[in-house]
Amino acid sequence: QVQLRESGGGLAQPGGSLRLSCAASGSIFRINGMAWYRQAPGNQRESVCHITRDGNINCVDSVKGRFTISRDNSKNTVDLQMNSLKPEDTAVYYCYANILSPGPNGPRGYWGQGTQVTVSS
């Protein structure tokens, strides 16, 4: 079994910062892409930032210049540094990882449980 555990959500004021962290544990042979998604009430889940194993990054335009995704392959972690937060960043943020476990099966995607980020004065 594989688990993704997120931490770091909470309340921030507009213009403030938060850092999200996600750690993968369990039966892991290799982690391919990792990403952060978010879902605001009444909206579909959207991709925020994605990072490949080699460190190639892609983020949605609305967070470019404000959010930074990073990962540590030795620790199986992915972080999201969020600066200059706006009220429209309010959402539940989910960690995602494409993971290959030992055995005959191919890689599959896993999700964290989600962490609430609220940006409000």
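This chain uses plain numbering: 1 for the first residue, then up along the sequence.
Of all non-hydrogen atoms in Ala40 and Ala91, the two that sit nearest each other are N-CB, 3.8 Å. The heavy-atom pair separating Pro107 from Asn98 by the smallest distance is CB-OD1, 3.3 Å.
Applying the under-4.5 Å side-chain rule to Ile, Leu, Val, Met, Phe, Trp and Tyr, the cluster around Leu80 extends to Val2, Leu4, Leu18, Leu20, Ile28, Ile31, Met34, Trp36, Val48, Ile51, Ile57, Val60, Val63, Phe67, Ile69, Val78, Met82, Leu85, Tyr93, Ile99, Tyr110, Val117, Val119. Cluster partners of Phe29, by chain and number: Leu100. The rule joins Ile, Leu, Val, Met, Phe, Trp and Tyr whenever side-chain heavy atoms lie under 4.5 Å apart.
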Stepwise side chain to side chain contact (heavy atoms under 4.5 Å, CB included) check, Glu6 with Tyr94: CA-CA 8 Å; Glu6 299 136 338; Tyr94 297 90; 4.2 Å; yes
May I have the step-by-step check of side chain to side chain contact (heavy atoms under 4.5 Å, CB included) for Gln1 and Ser27, ending in yes or no? CA-CA 6 Å; Gln1 286 285 1; Ser27 182; over 6 Å; no
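Other residues, nucleotides and ligands contribute at most 12 non-hydrogen atoms within 6.0 Å of the CD atom of Gln3.
Listed by chain and number, the residues in a salt bridge (Lys or Arg N to Asp or Glu O under 4.0 Å) with Arg30 amount to none (sequence neighbours excluded). Remark: Ser84 pairs with no residue by the side chain to side chain donor-acceptor pair (under 3.5 Å) rule, at least two apart or across chains. When the side chain to side chain donor-acceptor pair (under 3.5 Å) test is applied to Asn58, no partner is found at least two apart in sequence or on another chain. Under the salt bridge (Lys or Arg N to Asp or Glu O under 4.0 Å) criterion, Lys64 pairs with Asp61, not counting sequence neighbours. Every residue two or more places apart in sequence or in another chain that forms a side chain to side chain contact (heavy atoms under 4.5 Å, CB included) with Ser47 is listed here: Tyr37. Evaluation of the salt bridge (Lys or Arg N to Asp or Glu O under 4.0 Å) rule for Asp72 yields no partner, not counting sequence neighbours.
Taking 4.5 Å as the limit, some side-chain heavy atom of Arg45 sits within range of a side-chain heavy atom of Trp111.
Here salt bridge (charged side-chain N to carboxylate O under 4.0 Å, His left out) pairs that include residues 14-25, with residues two or more places apart or in two chains, are Arg19-Asp79. Sequence neighbours left out, the pairs with a member in residues 66-121 that pass disulfide bond (SG atoms under 2.5 Å apart) are Cys22-Cys95. For the salt bridge (charged side-chain N to carboxylate O under 4.0 Å, His left out) condition, the pairs that include at least one residue of residues 81-100, sequence neighbours left out, are Arg38-Asp89, Arg66-Asp89. Identified under the salt bridge (charged side-chain N to carboxylate O under 4.0 Å, His left out) test for residues 100-120, with sequence neighbours left out: none.
Arg71 places no side-chain N or O within 3.5 Å of a backbone atom of Asp54 that could act as its donor or acceptor partner.
Summarising the geometry, atom SG belonging to Cys49 is positioned 11.5 Å from atom CD belonging to Gln81; distances are rounded to the nearest 0.5 Å.
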